[in-house]
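Working notes, structure below.
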Protein chains: 2
Amino acid sequence: MSTILDVAEKAKVSIATVSRALNNQPGCSEETRKKVKKIAQELGYEPNEVARSLINKKTNTIGVIIPEISSLLSSEFINGIDAIAKQENSNLIVTYTKSNIVSTEENLRMLHEKRVDGIIFVSEILRKEYYEYIKRNNIPCVLLSTKSAEYASVPYVKVDDYDASYAATNYLIMMGHKKIGLISGSSADPIAGNPRIDGYKKAILENLNMVVEERQIVSGNGFGFDDGRDNFIQLIKQYPDLTAIFCASDEMAIGAISAAYKLGISIPDDVSIMGYDNLKISEMSVPPLTTTAQPLVKMAEKATEILFKIINKKDSDVHSIIMPYQIIERESVKNIK
Amino acid sequence: MSTILDVAEKAKVSIATVSRALNNQPGCSEETRKKVKKIAQELGYEPNEVARSLINKKTNTIGVIIPEISSLLSSEFINGIDAIAKQENSNLIVTYTKSNIVSTEENLRMLHEKRVDGIIFVSEILRKEYYEYIKRNNIPCVLLSTKSAEYASVPYVKVDDYDASYAATNYLIMMGHKKIGLISGSSADPIAGNPRIDGYKKAILENLNMVVEERQIVSGNGFGFDDGRDNFIQLIKQYPDLTAIFCASDEMAIGAISAAYKLGISIPDDVSIMGYDNLKISEMSVPPLTTTAQPLVKMAEKATEILFKIINKKDSDVHSIIMPYQIIERESVKNIK
DNA sequence: TTGAAAGCGGTACCAT
DNA sequence: ATGGTACCGCTTTCAA
């Protein structure tokens, strides 16, 4: 494998000249430039970006820290992040966490040791330890689909879960449903758990004039298919007269539909199901899933754009963004008015 | 951000000693080691892996080149790769290609400039250009879910598509089906296209004693949901008396099921559907999809293990692997015997 | 226009 | 046990 020195020797110029020639920098005659480029080509010379990074203090690599909760959600986010990174001539190092503190801190440290130019932190609470690490090491960072009440200096991009959940529940009410169950994440989860529960409760209270009973809600730990399936069975048992269910994720909604199929319960004729996220699979399901859309790819793109603004010191207009949600009507909710 | 020099100065020792102390290398008193570690801690010193990589000629990073054909397939592969990489203390840089030649070569070049320790090349033909680039630059490389007839020096891990497809079709025959359609990828695709078509044809010929007619097959370009949906409609039109369809990917199978639902065709009562891959969504579908499983995660793990053998010069037992497929019976195929 | 040389932040060899 | 130093491959300043 040839280095800049090999090129210099063969071209009978200094390495400084080779550098200038290859990088199209001024201070180099066109003739020399051509000769150097030709020889570099012949030698199959490829610049060593590691060496470049060391001196430039820029790796053209950004890190992503993302929980493995849902690979379907993750892959949409990563698509968006990757698109913008590519535009900025950067690559991604994606690290998955199991939502446990050690792993996240390890990932943070690894990414920093690799001197990534910045980090996108996805769907996970920004704990004090993380924040301090980021601050101390001065790492550009943006939060995606999570937020940072306490650390206002870290910008975030997300949908307002409380509002979106309120709207989703209201949609079911508008379709004539009065007995509405909820399958949600953990109430201890301050990002995607509690706010969605509260939005649901508020809608029922304000627009149905009812206080939600405990049996109307099953909230597990995760947001996955299995959770949805299990929670559906549980919910049907404890609240058999329901006519509609709002699921706090599409994966859970698909799980619920699957469980319903096994039990011989028809969707949407017997029970209406409403999802949250608008993943690709929500249009692939049978029946196609009515859901509360988050603009997942757009959110990821926005977050990444902000990150590059910080990296490139265009801090001028760096601020958090609340993205709009949208109700997508498909075929899993029945109008029973 | 402090460097090894800062630590050395504050500890009143040389940088050589700091290096030895922090890396737990011999030639350093326990007392000094403790002092250095304490000071490094105080300073919040984090080693710069870029500098390390430069001298060690090892970045602890491996590259993945993968087409975006199906993010569902991709994410299973990436999970497997990531698991082994993590064990080896490496991170992943994943690059997506749109299967066009320029992009793949660009990705290859970028990964090499970043001096990744090796590359996993997924689901894509290893063209002559790629192979030569890899050889010329001496990049450790393993192929995953694709192969390299011409370049035997590049090991691969895959399922035998021809055999698997033959077995899948035979399964339908064993279930009593005689009029079996095929929804496949392009016959010009020598990896996942043609072999699966041929396996299907062979099964029909040998075990049904029939020559496949043209109208029994619809082969598009991709393997996605939309392809499956569109091709199902087309196939039903040109071969209305079929009783079963073998789809060359799960995503296409789900697309077919979805189209059937819209047309009021019942799966599996009117038409049986068989998939290929065994993605996560195949158990999430309604009805759950009977399919031809590839051990996706295992395959990715194997490929990555081989890659690290090459990287670590344990070339002793590096060879390609054909992984076993398996028929997974769920509920989308009806026994009509 | 060109070259010499000083780093970037580490590792490892060779003295001491 | 410790320190001095060459070096990894490149960029950039300063002189020539």
Side-chain angles (χ1 to χ4, degrees), chain A residues 1-37 39-40 43-61 89 109-117 137-138, chain B residues 1-37 39-40 43-61 89 109-117 137-138:
Chain A
M1 200 151 29
S2 42
T3 73
I4 199 173
L5 188 61
D6 301 319
V7 180
E9 281 174 355
K10 189 152 182 204
K12 295 191 206 312
V13 295
S14 72
I15 61 170
T17 299
V18 174
S19 176
R20 283 185 291 248
L22 261 28
N23 295 314
N24 294 316
Q25 294 219 348
C28 169
S29 74
E30 266 318 304
E31 195 186 2
T32 314
R33 196 183 301 278
K34 262 191 191 133
K35 183 178 65 180
V36 169
K37 283 190 173 176
I39 289 176
L43 256 40
Y45 168 74
E46 305 272 2
N48 183 329
E49 193 171 335
V50 176
R52 261 188 185 160
S53 298
L54 183 58
I55 188 136
N56 290 336
K57 295 177 181 311
K58 184 158 197 296
T59 53
N60 288 317
T61 305
N89 199 31
R109 190 178 46 70
M110 287 193 72
L111 290 174
H112 175 55
E113 288 192 358
K114 287 213 155 74
R115 294 300 188 267
V116 295
D117 299 329
N137 291 295
N138 211 356
Chain B
M1 197 153 27
S2 44
T3 71
I4 198 172
L5 188 61
D6 301 320
V7 179
E9 281 173 356
K10 189 150 183 209
K12 296 190 205 315
V13 295
S14 71
I15 60 169
T17 300
V18 175
S19 177
R20 282 184 293 245
L22 261 29
N23 294 315
N24 294 318
Q25 295 216 349
C28 171
S29 74
E30 267 318 303
E31 194 186 2
T32 313
R33 197 184 298 278
K34 262 192 191 134
K35 182 178 66 180
V36 169
K37 282 190 174 176
I39 289 177
L43 256 42
Y45 167 75
E46 304 274 359
N48 182 329
E49 193 170 336
V50 177
R52 260 186 188 161
S53 297
L54 183 59
I55 184 116
N56 290 337
K57 294 175 180 312
K58 183 154 196 300
T59 53
N60 288 317
T61 305
N89 199 30
R109 191 178 45 69
M110 287 192 73
L111 290 175
H112 176 55
E113 287 191 358
K114 288 213 155 77
R115 294 301 187 268
V116 293
D117 299 330
N137 292 294
N138 211 357

Calculate the interatomic distance between [X] atom [atom1] and [N] atom [atom2]; express it in whole Å.
X	N	atom1	atom2	result
A/Glu31	C/dT1	CD	C1'	11 Å
B/Ile55	C/dC13	CD1	P	10 Å
B/Leu5	C/dG10	CG	P	9 Å
B/Asn48	C/dG10	CG	P	5 Å
B/Asp6	C/dG10	CG	C1'	13 Å
A/Asn56	C/dG7	CG	P	17 Å
B/Leu54	C/dG10	CG	P	12 Å

Subject >> First of B/Arg115 and B/Arg33 reached from the 5' end of DNA chain D, by closest nucleotide >> reply: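 On the 5' side of the pair lies B/Arg33.
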
**OP:** Find which nucleotide of DNA chain D each of A/Pro47 and B/Arg20 is nearest to by heavy atoms, and output the residue with the more 5' nucleotide.
**Re:**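 With A/Pro47 and B/Arg20 compared, the 5'-side residue is B/Arg20.
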
**OP:** From the options C/dG10, C/dA12, C/dC8, select the nucleotide whose nearest atom is closest to the side chain of A/Lys57.
**Re:**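 It is C/dC8.
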
Original post:
C/dT1, C/dG10, C/dC8: which one has an atom nearest the side-chain heavy atoms of A/Thr32?
Top reply: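 Selected nucleotide (nearest to the side chain): C/dT1.
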
Original post:
Taking A/Arg20 for the side chain and A/Gly27 for the main chain, is one N or O donor matched with an acceptor at less than 3.5 Å?
Top reply: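 Pair found, side chain donor or acceptor close to backbone of A/Gly27.
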
Original post:
Hey, does B/Gln25 reach any base, or is it just sugar-phosphate, or nothing, if we go heavy atoms under 4.0 Å?
Top reply: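 B/Gln25: backbone/sugar contact only, no base atoms under 4.0 Å.
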
**OP:** Give one of base, sugar-phosphate or nothing for B/Pro26, where a contact means two heavy atoms less than 4.0 Å apart.
**Re:**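 Touches nothing.
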
**OP:** Residues of residues 8-19 of chain A with any non-hydrogen atom less than 4.0 angstrom from an atom of DNA chain D: list those, numerically ordered, please.
**Re:**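 Result for residues 8-19 of chain A: A/Ile15, A/Ala16, A/Ser19, sorted by number.
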
Original post:
Do B/Tyr45 and B/Val18 come close enough that some side-chain heavy atom pair is under 4.5 Å?
Top reply: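 Heavy-atom side-chain distance check fails, nothing below 4.5 Å.
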
Original post:
What's the shortest heavy-atom distance between B/Ile15 and B/Ile4, and which atoms?
Top reply: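 In this case the closest contact between B/Ile15 and B/Ile4 is O-CD1, 3.7 Å.
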
Subject >> Modelled atom types, side-chain donor and acceptor of B/Arg115 and B/Asn137, under 3.5 Å >> reply: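 Judged by distance alone, the side chains do not pair up.
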
Original post:
If we ignore angles and hydrogens, is there a donor and acceptor under 3.5 Å between the side chains of A/Lys57 and B/Asn48?
Top reply: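 There is no such pair (donor and acceptor under 3.5 Å, judged by atom type) between the side chains of A/Lys57 and B/Asn48.
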
Subject >> Sidechain N-carboxylate O distance under 4.0 Å for A/Glu30, A/Lys34 >> reply: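 The answer is no: the pair does not qualify as a salt bridge.
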
**OP:** Report the C-alpha separation of B/Leu43 and B/Lys10 in whole Å, then their side-chain angles, then the decisive distance to 0.1 Å, and conclude whether the side chain to side chain contact (heavy atoms under 4.5 Å, CB included) test is met.
**Re:** CA-CA 9 Å; B/Leu43 256 42; B/Lys10 189 150 183 209; 3.5 Å; yes

Original post:
First contact, last contact: which nucleotides of DNA chain D are these for chain A, 5' to 3', heavy-atom distance under 4.0 Å?
Top reply: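 With heavy atoms of chain A under 4.0 Å away, the range is D/dG9 to D/dT13.
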
